[in-house]
Amino acid sequence: MPGAGDAAATPGTEPGFRPRGVRDRELAHGRHVAVVDPGHPLAEEHDVDLRQLVDEVFVDFAAGSAARAQSDEAFAAAGLRREVAFEVSGVELMARMVRHGLGIALLPATFAAELHGLLSVPVTDGPVRVERLIWSRITPSPAASAFLALLGTDTSPPEA
């Protein structure tokens, strides 16, 4: 089908990751934060590290999902094991569970800022998430070119 897959946003990736076989550009870059209810003891902290979070009960996405992988990898890399008591399929349910004090969550800071009634606590050694826009190495369709131009992205073919 012509034009299929002209441009796409990647799920969060590690810093330094560059997709192969396509052109790309970074859209967003940010560290995860601990998302807590205002009454939670961590709400009073200026920042925390993963070791301070290890005994907390977490609400997170399903094990093995791209949305959860970076958090799991960050704890594993630090030699820590955390308890995920509740697995959810959407952030709305996650936010409700955190609001009711059932656990805390780790989310990208820019995303967490949109969750009303919850507080974000920076995690100094937490995962960093990079969102990338990718598109074909060949000249994109007119629609994709217009979209990329709105983002100030040069779509001319790379020099050989």
For Ser141, is there any backbone N or O sitting under 3.5 Å from a side-chain donor or acceptor partner on Ser145? yes
Arg25 CZ: over 12 foreign heavy atoms closer than 6.0 Å: yes
Gln52 side chain vs Asp49 backbone, donor-acceptor pair below 3.5 Å: yes
Val35 versus Val98, closest heavy-atom pair with distance: O-CG1, 3.6 Å
With heavy-atom distances below 4.5 Å as the criterion, would you say the side chains of Trp135 and Val22 are in contact? no
Between Val57 and Ala85, which heavy-atom pair has the shortest distance, and what is it? CG1-CB, 3.4 Å
Can you name the nearest heavy-atom pair linking Leu50 to Asp125, along with the distance? N-OD1, 2.8 Å
For the residue pair Gly103 and Val59, what are the closest heavy atoms and their distance? CA-CG2, 4.1 Å
Once salt bridge (charged side-chain N to carboxylate O under 4.0 Å, His left out) is applied, what residue pairs with a partner in residues 78-106 remain, sequence neighbours excluded? Asp60-Arg82, Arg68-Glu87, Asp72-Arg82
Would you say the side-chain atoms of Asp24 pair up with the backbone N or O of Arg132, donor to acceptor, closer than 3.5 Å? no
If you look only at pairs with a residue in residues 34-65, which of them pass as a ring-ring contact (aromatic ring centres under 6.0 Å, His included), with sequence neighbours excluded? Phe58-Phe75
Minimum heavy-atom distance Leu119-Pro38, with the two atoms named: CD1-CA, 3.7 Å
Between Val33 and Pro122, which heavy-atom pair has the shortest distance, and what is it? CG1-CA, 4.0 Å
